[in-house]
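Here is how names work: the chains are called A, B, and so on, in the same order as the sequence lines, proteins then strands, and each is numbered from 1. Every heavy atom of this structure was used, including side-chain atoms; hydrogens, water molecules and symmetry mates were not.
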Amino acid sequence: MAYWLMKSEPDEFGIDDLALKKCERWDGVRNYQARNFMREMQEGDFIFMYHSSCKTVGISGVMTVARAGYPDPSAEDPSSAYFDKKQPSENRWTAVDVAFEERFAKVLTLEKIKQLAVNDPRLSDLMLLSRSRLSVMPISHEQWQCLMEHV
DNA sequence: GCCAACGTTGGC
DNA sequence: GCCAACGTTGGC
């Protein structure tokens with residue numbers, strides 16, 4: 001059992017959208033490190049959904065991995081915004097399916113997480129705070145518990 | 001909308 | 001294989 005965090009822009013697809021749809025493909029990731037983490041995901045793993053580039057930035061809820069990594073169909077689809085123009089034939093990219101688990105009553109904001117990290121050594125190596133542009137990252141069990149205590 | 005951070009591309 | 005140019009992410 002592993003824990004992860006994935007970023008999404010809620011104007012595109014947020015926790016409310018997932019709550020309605022229950023299950024959705026998570027595609028369009030075009031960064032190697034993020035992709036490699038997605039390839040490690042196992043069915044049943046827990047994922048924080050993180051809302052970025054929006055009014056209230058932070059963790060908005062919990063998802064689970066419904067289907068482990070598989071070739072991302074959007075990379076081969078010329079009509080997709082995520083079409084891989086360089087190498088459409090050798091699908092380099094990975095998608096997973098995610099299932100809705102929980103929507104937090106209040107977003108656990110980035111601001112709050114930064115505050116918590118000042119005093120709680122469990123959060124000292126949270127990748128969210130050190131790797132600003134990484135959109136998929138692992139979360140340790142300790143970090144997960146610590147963050148859940150403040151939801 | 002600005003801009004810092006940083007990943008990717010491509011010339012050499 | 002270096003590194004400058006370029007493009008994208010994401011907080012503010």
> Is atom CD of A/Gln115 surrounded by more than 12 heavy atoms (other residues, nucleotides or ligands) closer than 6.0 Å?
Replying inline: yes
>> For a 4.0 angstrom threshold against heavy atoms of chain A, report the outermost contacting nucleotides of DNA chain C in 5' to 3' order.
In response: C/dG7 to C/dC12
>> Just to be sure I understand the rule, does A/Ser53 reach a base, reach only the sugar-phosphate, or reach nothing, if contact means heavy atoms closer than 4.0 Å?
In response: base
>> Under 4.0 Å, heavy atoms only, any strand: does A/Ser130 hit a base, just the sugar-phosphate, or nothing?
In response: sugar-phosphate
> According to the salt bridge (Lys or Arg N to Asp or Glu O under 4.0 Å) rule, which pairs have a member within residues 94-118 of chain A, sequence neighbours left out?
Replying inline: A/Asp16-A/Arg103
> Any luck finding a side-chain donor-acceptor pair between A/Arg131 and A/Gln33 under 3.5 Å?
Replying inline: yes
> With a 4.0 Å cut-off on heavy atoms, is A/Lys55 in touch with a base, just the backbone sugar-phosphate, or nothing at all?
Replying inline: nothing
> Within a strict 4.5 Å, meaning less than it, do heavy atoms of the A/Met1 and A/Asp45 side chains meet?
Replying inline: yes
>> Is the ring pair A/Phe48/A/Trp144 parallel, tilted or perpendicular, if the boundaries are 30 and 60 degrees?
In response: parallel
